[in-house]
Amino acid sequence: MNNKPLILVVEDDTSVRNLITVTLKTNDYKFLTAQNGNAAIIEASSHKPDITLLDLGLPDMDGVKIIKKIRTWSNMPIIVISARSEDSDKIEALDAGADDYITKPFSVEELLARLRATQRRLSVTQTGTASSVFQNGSLSIDYAAGCAYLDGVEIHLTPMEYKLLCLLAANVGKVLTHTFITGKIWGNCLENDVASLRVFMATLRKKLESGSETQYIQTHIGIGYRMLKVE
Ligand code: CA
């Protein structure tokens with residue numbers, strides 16, 4: 001069986017690259033490697049990988065520039081690999097179109113979990129595009145009716161909470177930055193809006209997660225939020 005996706009690994013550090021490729025190999029993934037930005041763009045355009053793992057600090061090009069280039073022709077998931085000290089870089093990468101990030105140093109288990117989560121999201125977006133109902137675990141959204149349900153019971157949401165929920169659902173599995181969310185919801189990003197966003201998100205989470213163990217919304221401190229794809 002080889003329906004495992006093809007992963008493009010972009011990393012100039014040999015030891016990190018080897019850790020990633022050995023992990024991929026032992027878990028039956030197919031992969032390609034690139035050690036710099038130019039090679040990454042060539043591999044991405046000629047082999048059309050399913051997922052890219054992208055180190056931001058490359059010798060010839062900033063990783064964000066690579067994301068922007070790839071996004072001109074492809075929506076393939078891009079998972080950024082970045083050092084902890086680079087929160088602003090992560091935000092810039094997410095706003096440029098990255099889907100997720102892994103912080104260095106990372107564990108093999110975490111890398112595999114992110115890949116599985118991305119594959120689940122891929123299967124959702126490939127099958128559920130024309131659907132007017134969104135389903136994630138026991139959460140469902142009926143877009144035509146403008147209602148959200150948990151286990152079939154309507155959740156009473158304010159218009160703002162519903163808007164936020166729909167935005168997160170449309171990007172399930174993807175980390176959305178504060179700037180992206182406030183830009184979509186309010187059309188601009190003032191400091192004030194980020195503060196309001198926290199409040200709306202807190203009330204939305206409470207309604208989604210009260211009386212249930214399931215976590216639907218993940219907070220990325222200083223960065224943004226993500227709706228998790230529930231099994
Ligand atoms: Ca590097």
Side-chain angles (χ1 to χ4, degrees), residues 4-122 171 173-181 218-226 228-229:
K4 286 279 188 181
L6 177 64
I7 315 291
L8 172 59
V9 181
V10 186
E11 173 63 77
D12 60 322
D13 184 315
T14 310
S15 57
V16 178
R17 196 174 59 247
N18 287 344
L19 170 71
I20 296 172
T21 55
V22 166
T23 304
L24 293 175
K25 199 180 278 177
T26 53
N27 287 276
D28 287 330
Y29 283 93
K30 294 179 282 180
F31 62 87
L32 300 161
T33 61
Q35 302 179 27
N36 59 58
N38 271 318
I41 288 162
I42 291 167
E43 293 294 331
S45 60
S46 55
H47 296 283
K48 307 258 186 305
D50 297 295
I51 299 172
T52 292
L53 294 171
L54 177 68
D55 175 35
L56 285 183
L58 293 165
D60 61 334
M61 204 183 285
D62 187 76
V64 172
K65 197 173 164 191
I66 300 171
I67 298 167
K68 286 180 180 161
K69 287 210 176 201
I70 290 176
R71 281 291 172 260
T72 61
W73 83 83
S74 168
N75 280 321
M76 98 171 97
I78 300 173
I79 303 174
V80 158
I81 299 180
S82 148
R84 185 170 291 282
S85 57
E86 300 168 337
D87 261 10
S88 59
D89 288 352
K90 286 177 201 161
I91 292 170
E92 200 188 348
L94 292 165
D95 280 333
D99 295 71
D100 197 358
Y101 62 85
I102 297 174
T103 301
K104 284 181 184 174
F106 57 89
S107 70
V108 162
E109 288 71 27
E110 186 187 0
L111 173 66
L112 290 170
R114 296 308 178 86
L115 286 172
R116 283 194 302 271
T118 302
Q119 285 171 260
R120 279 202 298 278
R121 191 167 77 79
L122 275 179
N171 295 281
K174 187 169 170 166
V175 180
L176 305 181
T177 64
H178 294 137
T179 312
F180 177 84
I181 299 172
Q218 192 180 49
T219 302
H220 290 248
I221 294 163
I223 293 176
Y225 299 91
R226 167 197 351 236
L228 297 169
K229 179 78 191 93

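Atoms within each ligand, like the ligands themselves, are counted from 1 in listed order.
A donor-acceptor pair under 3.5 Å is formed between the side chain of R71 and the backbone N or O of M76. Not a single donor-acceptor pair under 3.5 Å links the side chain of N171 to the backbone N or O of K174.
The distance cut-off of 3.0 Å around the Ca ion (ligand 1) captures these protein N, O or S atoms, sorted by chain and number: D12 OD1, D55 OD2, G57 O.
Side chains of S74 and K48: a donor-acceptor N/O pair is absent below 3.5 angstrom, by distance only.
Within a 6.0 Å radius of NZ in K25, no more than 12 heavy atoms belonging to other residues, nucleotides or ligands are found.
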Worked verdict on K30 versus D50 for salt bridge (charged side-chain N to carboxylate O under 4.0 Å, His left out): CA-CA 10 Å; K30 294 179 282 180; D50 297 295; 6.0 Å; no
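When side chains are defined from C-beta on, D99 does not count as touching T118, because their heavy atoms never get closer than 4.5 Å.
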